[in-house]
Amino acid sequence: MTIDWQKEAEGYQDDLLRDLFTLLKIDSVRDVEHKTDTAPLGPGPAEALKQMLALGQRDGFKTLNVDNVAGRIEYGDGDEIFGLFGHMDVVPAGPGWQTDPFAPEIKDGKLYARGSSDDKGPSIAAYYALKMIKDLGLPVNKKIHFIIGTDEESEWVGINRYLETEPAPDFGFSPDAEFPIINGEKGIATFIVSFAKQAPAPTSMTLNRFEAGVRVNMVPQEATATISGTLPGTFEHELAQFAAAQNVTVNTQPVAGGLTITMTGKGAHAQEPKDGINAATFLATFLAPYPFDPAGKTYLTAIATKMHSDSRGSRLGINYTDKVMGELTASPDLFNFTQDGPQTIAINVRYPQGTDADKIRDQIETALAPDDVEVTINGHAQPPHYVAGDDPLVQTLLAVYTEQTGKPGHEQVIGGGTYGRIIKRGVAFGAQMEGQENVMHQANEYMPVKDIIKAVAIYAEAISRLVK
(Lines give C-alpha, C1' and ligand atoms only; values in the text may rest on other atoms or scores of the structure.)
Protein backbone atom coordinates (compact mmCIF):
# COMPACT_ATOMS: atom_id res chain seq x y z
CA MET A 1 0.00 0.00 0.00
CA THR A 2 1.53 3.25 -1.17
CA ILE A 3 0.48 6.24 0.88
CA ASP A 4 0.75 9.86 -0.17
CA TRP A 5 1.38 11.14 3.34
CA GLN A 6 1.28 14.79 2.37
CA LYS A 7 -2.06 14.45 0.55
CA GLU A 8 -3.56 12.56 3.48
CA ALA A 9 -2.34 15.23 5.90
CA GLU A 10 -3.82 18.04 3.82
CA GLY A 11 -7.21 16.36 4.04
CA TYR A 12 -7.23 16.95 7.80
CA GLN A 13 -6.34 20.66 7.67
CA ASP A 14 -9.75 22.15 8.44
CA ASP A 15 -10.46 19.78 11.33
CA LEU A 16 -6.94 20.19 12.70
CA LEU A 17 -7.12 23.98 12.72
CA ARG A 18 -10.52 23.93 14.40
CA ASP A 19 -9.17 21.73 17.21
CA LEU A 20 -5.96 23.71 17.47
CA PHE A 21 -7.85 27.01 17.75
CA THR A 22 -9.81 25.56 20.65
CA LEU A 23 -6.60 24.72 22.49
CA LEU A 24 -4.88 28.00 21.69
CA LYS A 25 -7.75 30.00 23.16
CA ILE A 26 -6.99 28.51 26.57
CA ASP A 27 -4.53 30.55 28.64
CA SER A 28 -2.67 27.55 30.00
CA VAL A 29 0.18 29.31 31.78
CA ARG A 30 1.07 27.47 35.00
CA ASP A 31 -0.80 29.32 37.75
CA VAL A 32 -0.30 27.70 41.16
CA GLU A 33 -1.51 30.88 42.86
CA HIS A 34 -5.00 29.87 41.75
CA LYS A 35 -4.60 26.11 42.10
CA THR A 36 -7.41 23.93 43.40
CA ASP A 37 -7.72 20.29 44.38
CA THR A 38 -8.83 19.51 40.83
CA ALA A 39 -6.37 21.88 39.15
CA PRO A 40 -3.04 21.49 41.02
CA LEU A 41 -1.13 23.59 38.47
CA GLY A 42 -3.86 26.15 37.93
CA PRO A 43 -7.12 26.19 35.97
CA GLY A 44 -5.59 26.84 32.54
CA PRO A 45 -3.27 23.81 32.35
CA ALA A 46 -6.00 21.53 33.67
CA GLU A 47 -8.52 22.83 31.14
CA ALA A 48 -6.10 22.43 28.23
CA LEU A 49 -5.28 18.87 29.28
CA LYS A 50 -8.95 17.94 29.53
CA GLN A 51 -9.62 19.45 26.11
CA MET A 52 -6.76 17.51 24.54
CA LEU A 53 -7.95 14.26 26.11
CA ALA A 54 -11.48 15.03 24.93
CA LEU A 55 -10.19 15.04 21.34
CA GLY A 56 -8.83 11.55 21.89
CA GLN A 57 -12.10 10.32 23.36
CA ARG A 58 -14.06 11.85 20.47
CA ASP A 59 -11.89 10.01 17.95
CA GLY A 60 -12.10 6.62 19.64
CA PHE A 61 -8.79 6.46 21.47
CA LYS A 62 -8.37 5.19 25.00
CA THR A 63 -7.40 8.04 27.35
CA LEU A 64 -6.08 8.48 30.87
CA ASN A 65 -6.01 11.55 33.12
CA VAL A 66 -3.38 11.54 35.85
CA ASP A 67 -4.49 13.94 38.59
CA ASN A 68 -5.26 16.69 36.06
CA VAL A 69 -1.50 17.34 35.66
CA ALA A 70 -0.71 14.83 32.89
CA GLY A 71 -2.51 12.49 30.59
CA ARG A 72 -2.29 9.87 27.89
CA ILE A 73 -3.91 9.07 24.56
CA GLU A 74 -3.36 5.40 23.77
CA TYR A 75 -3.54 3.23 20.66
CA GLY A 76 -2.33 -0.20 19.59
CA ASP A 77 -0.92 -3.16 21.43
CA GLY A 78 2.37 -5.00 21.78
CA ASP A 79 5.26 -5.78 24.06
CA GLU A 80 7.01 -2.43 23.56
CA ILE A 81 5.74 1.08 24.21
CA PHE A 82 6.41 3.83 21.69
CA GLY A 83 6.05 7.26 23.26
CA LEU A 84 5.02 10.67 21.99
CA PHE A 85 5.56 13.53 24.44
CA GLY A 86 3.76 16.87 24.12
CA HIS A 87 2.72 19.62 26.51
CA MET A 88 -0.28 21.88 26.84
CA ASP A 89 1.21 24.60 29.08
CA VAL A 90 2.66 27.79 27.64
CA VAL A 91 4.95 30.54 28.85
CA PRO A 92 3.36 33.87 29.82
CA ALA A 93 2.41 36.04 26.86
CA GLY A 94 4.55 38.99 27.97
CA PRO A 95 4.53 42.41 26.29
CA GLY A 96 4.89 43.34 22.63
CA TRP A 97 2.07 41.41 20.97
CA GLN A 98 0.37 42.86 17.91
CA THR A 99 -2.55 40.44 18.28
CA ASP A 100 -4.31 38.91 21.28
CA PRO A 101 -2.02 36.00 22.24
CA PHE A 102 -5.02 33.86 23.21
CA ALA A 103 -7.21 34.75 20.23
CA PRO A 104 -5.52 32.74 17.44
CA GLU A 105 -5.36 34.47 14.09
CA ILE A 106 -4.03 33.44 10.70
CA LYS A 107 -2.28 36.20 8.75
CA ASP A 108 -0.31 35.60 5.56
CA GLY A 109 -0.39 31.87 6.19
CA LYS A 110 1.00 32.18 9.73
CA LEU A 111 -0.98 31.14 12.80
CA TYR A 112 -0.32 33.66 15.58
CA ALA A 113 -0.98 32.69 19.20
CA ARG A 114 0.92 31.80 22.34
CA GLY A 115 1.58 28.08 22.02
CA SER A 116 1.24 27.92 18.24
CA SER A 117 4.83 26.69 17.89
CA ASP A 118 5.51 25.67 21.50
CA ASP A 119 3.86 23.26 21.85
CA LYS A 120 0.16 23.10 21.04
CA GLY A 121 0.69 23.36 17.27
CA PRO A 122 3.28 20.56 17.09
CA SER A 123 1.32 18.43 19.59
CA ILE A 124 -1.81 18.65 17.46
CA ALA A 125 0.29 17.73 14.41
CA ALA A 126 1.49 14.60 16.21
CA TYR A 127 -2.05 13.82 17.37
CA TYR A 128 -3.45 14.06 13.85
CA ALA A 129 -0.61 11.85 12.61
CA LEU A 130 -1.73 9.24 15.12
CA LYS A 131 -5.36 9.74 14.06
CA MET A 132 -4.34 9.28 10.41
CA ILE A 133 -2.68 5.95 11.23
CA LYS A 134 -5.84 4.83 13.02
CA ASP A 135 -8.17 6.05 10.27
CA LEU A 136 -6.13 4.30 7.57
CA GLY A 137 -6.04 1.06 9.57
CA LEU A 138 -2.26 0.78 9.29
CA PRO A 139 -0.53 -2.09 11.13
CA VAL A 140 0.51 -1.27 14.69
CA ASN A 141 2.48 -3.87 16.63
CA LYS A 142 3.46 -1.74 19.61
CA LYS A 143 1.59 0.24 22.20
CA ILE A 144 1.53 3.93 21.35
CA HIS A 145 1.32 6.25 24.34
CA PHE A 146 0.89 9.93 23.53
CA ILE A 147 1.81 11.46 26.90
CA ILE A 148 0.74 15.02 27.61
CA GLY A 149 2.25 17.22 30.31
CA THR A 150 1.04 20.53 31.70
CA ASP A 151 4.11 22.29 33.10
CA GLU A 152 6.97 21.53 30.73
CA GLU A 153 7.86 25.22 30.80
CA SER A 154 8.56 25.15 34.53
CA GLU A 155 9.05 22.29 36.99
CA TRP A 156 7.85 19.19 35.11
CA VAL A 157 5.52 18.24 37.96
CA GLY A 158 3.03 16.70 35.53
CA ILE A 159 5.39 14.42 33.61
CA ASN A 160 7.17 13.37 36.80
CA ARG A 161 3.84 12.51 38.41
CA TYR A 162 2.91 10.50 35.32
CA LEU A 163 6.10 8.45 35.52
CA GLU A 164 5.47 7.72 39.20
CA THR A 165 2.31 5.81 38.34
CA GLU A 166 2.56 4.81 34.67
CA PRO A 167 5.11 2.86 32.62
CA ALA A 168 7.80 4.79 30.77
CA PRO A 169 7.93 4.20 27.00
CA ASP A 170 10.81 2.16 25.64
CA PHE A 171 11.59 4.76 22.97
CA GLY A 172 9.97 7.74 21.31
CA PHE A 173 10.09 11.42 20.46
CA SER A 174 8.76 14.79 21.49
CA PRO A 175 7.34 17.14 18.82
CA ASP A 176 8.71 20.14 20.70
CA ALA A 177 11.81 21.42 18.94
CA GLU A 178 12.96 21.47 15.33
CA PHE A 179 13.73 19.29 12.34
CA PRO A 180 15.66 17.33 11.21
CA ILE A 181 16.12 15.97 14.76
CA ILE A 182 17.36 16.86 18.22
CA ASN A 183 19.15 13.81 19.58
CA GLY A 184 21.15 15.71 22.18
CA GLU A 185 20.07 18.21 24.81
CA LYS A 186 22.34 20.16 27.09
CA GLY A 187 21.99 20.08 30.83
CA ILE A 188 19.78 22.77 32.32
CA ALA A 189 20.12 24.50 35.67
CA THR A 190 19.04 27.83 37.11
CA PHE A 191 21.31 29.57 39.60
CA ILE A 192 20.00 32.10 42.10
CA VAL A 193 22.51 34.83 42.93
CA SER A 194 21.62 36.45 46.27
CA PHE A 195 23.52 39.58 47.23
CA ALA A 196 24.63 40.21 50.79
CA LYS A 197 22.99 43.15 52.52
CA GLN A 198 25.13 46.28 52.69
CA ALA A 199 25.01 49.17 55.14
CA PRO A 200 23.70 52.39 53.59
CA ALA A 201 26.08 55.29 52.99
CA PRO A 202 25.54 58.89 51.88
CA THR A 203 25.29 59.05 48.08
CA SER A 204 23.75 61.37 45.56
CA MET A 205 21.64 58.63 43.91
CA THR A 206 19.74 55.60 45.24
CA LEU A 207 18.53 52.52 43.40
CA ASN A 208 15.15 51.91 45.01
CA ARG A 209 13.95 49.12 42.76
CA PHE A 210 15.13 47.06 39.81
CA GLU A 211 13.06 44.28 38.29
CA ALA A 212 12.81 42.34 35.06
CA GLY A 213 11.73 38.98 33.68
CA VAL A 214 8.72 36.69 33.82
CA ARG A 215 10.27 33.20 33.64
CA VAL A 216 13.71 31.70 34.11
CA ASN A 217 13.66 30.35 30.54
CA MET A 218 12.83 33.66 28.83
CA VAL A 219 15.23 36.51 28.02
CA PRO A 220 13.55 39.55 29.65
CA GLN A 221 12.01 41.91 27.15
CA GLU A 222 11.33 44.67 29.69
CA ALA A 223 13.23 45.97 32.71
CA THR A 224 12.22 48.68 35.16
CA ALA A 225 14.30 50.68 37.62
CA THR A 226 13.17 53.33 40.08
CA ILE A 227 15.91 55.73 41.18
CA SER A 228 15.94 58.76 43.44
CA GLY A 229 18.30 61.52 44.54
CA THR A 230 20.13 64.21 42.63
CA LEU A 231 20.24 63.18 39.00
CA PRO A 232 22.70 64.90 36.65
CA GLY A 233 21.07 67.47 34.41
CA THR A 234 22.09 65.49 31.35
CA PHE A 235 20.81 62.16 32.69
CA GLU A 236 17.72 61.76 30.50
CA HIS A 237 19.56 63.00 27.42
CA GLU A 238 22.31 60.43 28.01
CA LEU A 239 19.67 57.74 28.55
CA ALA A 240 18.01 58.56 25.23
CA GLN A 241 21.37 58.51 23.42
CA PHE A 242 22.22 55.13 24.97
CA ALA A 243 18.89 53.63 23.95
CA ALA A 244 19.23 54.85 20.37
CA ALA A 245 22.74 53.46 20.08
CA GLN A 246 21.87 50.06 21.60
CA ASN A 247 18.66 49.29 19.70
CA VAL A 248 16.45 49.41 22.77
CA THR A 249 13.59 51.72 23.62
CA VAL A 250 13.13 53.64 26.86
CA ASN A 251 10.37 55.43 28.71
CA THR A 252 10.65 57.51 31.87
CA GLN A 253 8.09 58.52 34.45
CA PRO A 254 8.76 61.09 37.19
CA VAL A 255 8.08 59.84 40.74
CA ALA A 256 8.47 61.50 44.12
CA GLY A 257 12.12 62.44 44.42
CA GLY A 258 13.23 60.58 41.34
CA LEU A 259 12.46 58.69 38.16
CA THR A 260 11.13 55.33 36.98
CA ILE A 261 12.84 54.01 33.86
CA THR A 262 11.42 51.25 31.67
CA MET A 263 13.68 49.79 29.00
CA THR A 264 12.42 47.45 26.29
CA GLY A 265 14.55 45.02 24.32
CA LYS A 266 13.55 41.74 22.68
CA GLY A 267 12.42 38.54 24.35
CA ALA A 268 13.73 35.13 23.35
CA HIS A 269 14.06 31.55 24.52
CA ALA A 270 16.84 31.28 27.08
CA GLN A 271 18.43 28.38 25.18
CA GLU A 272 20.02 30.96 22.86
CA PRO A 273 20.29 34.37 24.55
CA LYS A 274 21.79 35.89 21.39
CA ASP A 275 18.34 35.72 19.81
CA GLY A 276 17.09 38.34 22.27
CA ILE A 277 18.03 41.76 23.60
CA ASN A 278 18.19 41.49 27.38
CA ALA A 279 16.54 44.70 28.60
CA ALA A 280 17.79 44.15 32.16
CA THR A 281 21.48 43.93 31.37
CA PHE A 282 21.26 46.92 29.03
CA LEU A 283 19.52 49.00 31.69
CA ALA A 284 22.04 47.99 34.34
CA THR A 285 24.92 48.77 31.99
CA PHE A 286 23.62 52.29 31.50
CA LEU A 287 23.04 52.89 35.22
CA ALA A 288 26.15 51.25 36.68
CA PRO A 289 28.59 54.18 36.18
CA TYR A 290 26.43 56.60 38.18
CA PRO A 291 27.08 57.28 41.91
CA PHE A 292 24.51 54.94 43.46
CA ASP A 293 24.20 53.70 47.02
CA PRO A 294 26.49 50.75 47.98
CA ALA A 295 23.87 47.99 47.49
CA GLY A 296 22.61 49.43 44.22
CA LYS A 297 26.11 50.01 42.92
CA THR A 298 27.15 46.43 43.68
CA TYR A 299 24.04 44.98 42.07
CA LEU A 300 24.23 47.05 38.89
CA THR A 301 27.99 46.63 38.51
CA ALA A 302 27.74 42.85 38.80
CA ILE A 303 25.19 42.76 36.00
CA ALA A 304 27.07 45.20 33.77
CA THR A 305 30.53 43.68 34.19
CA LYS A 306 29.76 39.96 34.55
CA MET A 307 26.54 39.30 32.62
CA HIS A 308 25.90 41.86 29.89
CA SER A 309 26.34 40.64 26.29
CA ASP A 310 28.09 37.48 27.46
CA SER A 311 25.82 34.62 26.45
CA ARG A 312 28.60 32.03 26.89
CA GLY A 313 29.37 32.92 30.51
CA SER A 314 33.00 33.86 29.97
CA ARG A 315 33.03 36.67 32.53
CA LEU A 316 31.28 34.44 35.05
CA GLY A 317 34.04 31.89 34.55
CA ILE A 318 31.67 29.15 33.41
CA ASN A 319 32.32 29.08 29.65
CA TYR A 320 32.78 25.53 28.38
CA THR A 321 32.60 23.75 25.01
CA ASP A 322 32.18 20.05 24.23
CA LYS A 323 33.02 18.82 20.74
CA VAL A 324 29.70 16.94 20.45
CA MET A 325 27.28 19.12 22.42
CA GLY A 326 28.78 22.53 21.73
CA GLU A 327 28.94 25.62 23.92
CA LEU A 328 27.50 26.40 27.32
CA THR A 329 25.02 29.30 27.31
CA ALA A 330 24.13 31.61 30.18
CA SER A 331 21.05 33.81 30.33
CA PRO A 332 20.28 36.08 33.33
CA ASP A 333 16.50 36.14 33.18
CA LEU A 334 14.91 37.19 36.49
CA PHE A 335 15.96 40.30 38.42
CA ASN A 336 14.59 41.51 41.74
CA PHE A 337 16.11 44.33 43.79
CA THR A 338 14.72 46.50 46.56
CA GLN A 339 16.62 48.29 49.29
CA ASP A 340 14.92 46.42 52.14
CA GLY A 341 13.96 43.22 50.34
CA PRO A 342 15.40 40.62 47.97
CA GLN A 343 18.42 41.45 45.86
CA THR A 344 18.62 38.50 43.49
CA ILE A 345 19.34 37.44 39.91
CA ALA A 346 18.33 34.11 38.36
CA ILE A 347 20.73 32.87 35.70
CA ASN A 348 19.56 30.08 33.39
CA VAL A 349 22.46 27.94 32.14
CA ARG A 350 22.41 25.29 29.41
CA TYR A 351 25.57 23.20 29.72
CA PRO A 352 27.14 20.38 27.67
CA GLN A 353 28.60 17.15 28.95
CA GLY A 354 31.98 17.66 30.61
CA THR A 355 30.86 20.08 33.30
CA ASP A 356 28.09 19.98 35.90
CA ALA A 357 25.81 22.19 37.95
CA ASP A 358 27.81 22.03 41.17
CA LYS A 359 30.98 23.13 39.40
CA ILE A 360 29.14 25.94 37.63
CA ARG A 361 27.68 27.13 40.94
CA ASP A 362 31.15 27.37 42.45
CA GLN A 363 32.52 29.18 39.41
CA ILE A 364 29.74 31.80 39.46
CA GLU A 365 30.21 32.44 43.15
CA THR A 366 33.96 32.84 42.70
CA ALA A 367 33.53 35.25 39.79
CA LEU A 368 31.09 37.44 41.74
CA ALA A 369 33.08 37.20 45.02
CA PRO A 370 31.85 34.89 47.82
CA ASP A 371 31.80 37.78 50.30
CA ASP A 372 29.27 39.66 48.13
CA VAL A 373 26.96 36.86 46.99
CA GLU A 374 25.60 33.41 47.71
CA VAL A 375 24.81 31.22 44.71
CA THR A 376 22.35 28.34 44.94
CA ILE A 377 20.90 25.89 42.44
CA ASN A 378 17.18 26.48 42.02
CA GLY A 379 15.45 23.10 42.34
CA HIS A 380 17.25 20.24 40.60
CA ALA A 381 19.51 20.36 37.57
CA GLN A 382 18.74 18.30 34.49
CA PRO A 383 21.88 16.54 33.25
CA PRO A 384 22.85 16.45 29.56
CA HIS A 385 21.08 13.88 27.39
CA TYR A 386 22.29 12.23 24.16
CA VAL A 387 21.07 9.41 21.91
CA ALA A 388 23.74 8.17 19.52
CA GLY A 389 23.35 8.96 15.85
CA ASP A 390 23.49 5.27 14.88
CA ASP A 391 20.52 4.37 17.07
CA PRO A 392 17.72 2.90 14.88
CA LEU A 393 15.29 5.49 16.26
CA VAL A 394 17.50 8.35 15.08
CA GLN A 395 18.22 6.69 11.74
CA THR A 396 14.53 6.06 11.01
CA LEU A 397 13.46 9.59 11.88
CA LEU A 398 16.21 11.15 9.77
CA ALA A 399 15.35 8.89 6.82
CA VAL A 400 11.68 9.89 6.96
CA TYR A 401 12.60 13.56 7.22
CA THR A 402 14.80 13.31 4.12
CA GLU A 403 12.16 11.46 2.12
CA GLN A 404 9.45 13.97 3.05
CA THR A 405 11.48 17.15 2.52
CA GLY A 406 14.28 16.23 0.12
CA LYS A 407 16.76 17.70 2.59
CA PRO A 408 19.62 15.72 4.16
CA GLY A 409 19.09 14.74 7.77
CA HIS A 410 21.74 15.35 10.39
CA GLU A 411 22.24 15.19 14.12
CA GLN A 412 21.68 18.26 16.30
CA VAL A 413 22.24 19.22 19.93
CA ILE A 414 20.32 22.11 21.48
CA GLY A 415 20.23 24.02 24.72
CA GLY A 416 16.48 23.62 25.02
CA GLY A 417 14.98 20.95 27.22
CA THR A 418 12.17 18.70 25.96
CA TYR A 419 10.30 15.72 27.31
CA GLY A 420 12.40 13.63 24.93
CA ARG A 421 15.05 13.51 27.62
CA ILE A 422 12.87 11.70 30.17
CA ILE A 423 13.66 8.29 28.65
CA LYS A 424 17.01 6.86 27.61
CA ARG A 425 16.01 6.46 23.94
CA GLY A 426 14.09 9.68 23.61
CA VAL A 427 14.69 12.51 21.15
CA ALA A 428 12.94 15.66 19.92
CA PHE A 429 11.70 15.63 16.33
CA GLY A 430 10.29 18.85 14.82
CA ALA A 431 8.03 20.57 14.33
CA GLN A 432 9.94 23.76 13.44
CA MET A 433 11.26 23.47 9.90
CA GLU A 434 14.89 24.10 9.04
CA GLY A 435 15.52 27.74 8.28
CA GLN A 436 12.27 28.86 9.91
CA GLU A 437 12.48 31.79 12.33
CA ASN A 438 12.46 30.59 15.94
CA VAL A 439 9.78 32.59 17.77
CA MET A 440 9.23 30.29 20.73
CA HIS A 441 8.87 32.26 23.98
CA GLN A 442 8.75 35.52 22.04
CA ALA A 443 6.01 38.06 21.47
CA ASN A 444 4.00 37.38 18.30
CA GLU A 445 4.76 33.66 18.37
CA TYR A 446 3.51 31.96 15.21
CA MET A 447 3.75 28.82 13.14
CA PRO A 448 3.14 28.63 9.38
CA VAL A 449 0.03 26.56 8.70
CA LYS A 450 1.78 24.71 5.88
CA ASP A 451 4.50 23.65 8.31
CA ILE A 452 1.94 22.22 10.73
CA ILE A 453 0.43 20.13 7.93
CA LYS A 454 3.86 19.04 6.69
CA ALA A 455 4.65 17.95 10.25
CA VAL A 456 1.52 15.76 10.25
CA ALA A 457 2.80 13.98 7.14
CA ILE A 458 6.30 13.53 8.55
CA TYR A 459 5.03 12.33 11.92
CA ALA A 460 2.53 9.90 10.43
CA GLU A 461 5.11 8.15 8.27
CA ALA A 462 7.67 8.14 11.07
CA ILE A 463 5.27 6.67 13.64
CA SER A 464 4.01 4.10 11.15
CA ARG A 465 7.54 2.87 10.46
CA LEU A 466 8.49 2.74 14.12
CA VAL A 467 5.48 0.77 15.36
CA LYS A 468 4.80 -1.76 12.59
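The basis for the numbers below is simple: all heavy atoms, side chains too, and nothing from hydrogens, waters or symmetry mates.
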Partners of [X] by ring pair (Phe, Tyr, Trp, His ring centres under 6.0 Å), sequence neighbours excluded?
X	answer
Y459	F173, F179, F429
Y299	F195, F210, F337
F191	none

* Can you list the steps and then say if R312 with E272 is a salt bridge (Lys or Arg N to Asp or Glu O under 4.0 Å)? -> CA-CA 10 Å; R312 272 48 186 170; E272 181 44 88; 2.9 Å; yes
Please give me the minimum heavy-atom distance between [X] and [Y], naming the atom from each residue.
X	Y	value
G96	Q221	CA-NE2, 3.8 Å
V387	G426	CG2-O, 3.4 Å
T329	A270	OG1-O, 4.3 Å
Q412	P180	NE2-CD, 3.5 Å
N278	F335	OD1-CE1, 4.3 Å
I188	Y351	N-CE2, 3.6 Å

Establish, from distance only, whether the side-chain atoms of [X] and [Y] form a donor-acceptor pair under 3.5 Å.
X	Y	value
E236	T252	yes
D118	H87	yes
T99	K107	no
N348	T190	yes
T298	Q198	yes
E105	Y446	no

Would you indicate whether the side-chain heavy atoms of [Y] and [X] approach each other to under 4.5 Å?
X	Y	result
Y128	D19	yes
P291	M205	yes
F102	V90	yes
V439	S117	yes
T305	R315	no
I182	V413	no
D275	V219	no
E152	I159	no

* Asked: When you look at K359 and D362, which way does the salt bridge (Lys or Arg N to Asp or Glu O under 4.0 Å) test go after all the steps?
  -> CA-CA 5 Å; K359 182 178 181 180; D362 292 345; over 6 Å; no
Out of curiosity, [X] [atom1] to [Y] [atom2], how far, rounded to the nearest 0.5 Å?
X	Y	atom1	atom2	value
F286	H308	CZ	NE2	13.0 Å
H269	H441	NE2	NE2	3.5 Å
D119	T418	CG	OG1	9.0 Å
I345	I303	CD1	CD1	4.0 Å
R72	E166	CZ	CD	4.5 Å
I147	I73	CD1	CD1	11.0 Å

* Please report the C-alpha distance between R30 and D89 in whole Å, then the side-chain angles of each, then the deciding distance to 0.1 Å, and finally whether the salt bridge (Lys or Arg N to Asp or Glu O under 4.0 Å) criterion is met. => CA-CA 7 Å; R30 176 187 164 111; D89 60 304; over 6 Å; no
* Asked: Stepwise, does the side-chain hydrogen bond (donor to acceptor under 3.5 Å, both in side chains) test hold for E434 with Y401?
  -> CA-CA 11 Å; E434 282 190 281; Y401 172 80; 2.4 Å; yes
* **Chi angles and distances behind the salt bridge (Lys or Arg N to Asp or Glu O under 4.0 Å) call for E47, K50** => CA-CA 5 Å; E47 182 184 355; K50 289 179 181 179; over 6 Å; no
* Asked: Would K454 and I458 count as a side chain to side chain contact (heavy atoms under 4.5 Å, CB included) if you check the C-alpha gap in whole Å, the side-chain angles of each, and the deciding distance to 0.1 Å?
  -> CA-CA 6 Å; K454 171 55 73 175; I458 294 172; 3.9 Å; yes
* To do: With side-chain hydrogen bond (donor to acceptor under 3.5 Å, both in side chains) as the test, would you mind laying out the steps for T260 and T226 before giving the verdict?
  => CA-CA 4 Å; T260 292; T226 299; 3.0 Å; yes
* To do: Applying side chain to side chain contact (heavy atoms under 4.5 Å, CB included), run through L316 and Q363 and close with a yes or a no.
  => CA-CA 7 Å; L316 287 171; Q363 291 169 325; over 6 Å; no
* Does NZ in K424 sit with more than 12 non-hydrogen atoms of other residues, nucleotides or ligands closer than 6.0 Å? ->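 It does not: K424 NZ has 12 such atoms or fewer within range.
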* To do: For the pair T206 and Q339, evaluate side-chain hydrogen bond (donor to acceptor under 3.5 Å, both in side chains) and give the outcome as yes or no after the intermediate values.
  => CA-CA 9 Å; T206 299; Q339 284 291 326; 5.8 Å; no
* Donor-acceptor pair, side chain of K297 and main chain of Y290, under 3.5 angstrom ->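 Yes, the answer is positive, given that a donor and an acceptor are paired below the 3.5 Å cut-off.
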* side-chain hydrogen bond (donor to acceptor under 3.5 Å, both in side chains) between T38 and N68: does it pass, once the steps are laid out? -> CA-CA 7 Å; T38 57; N68 283 337; 5.0 Å; no
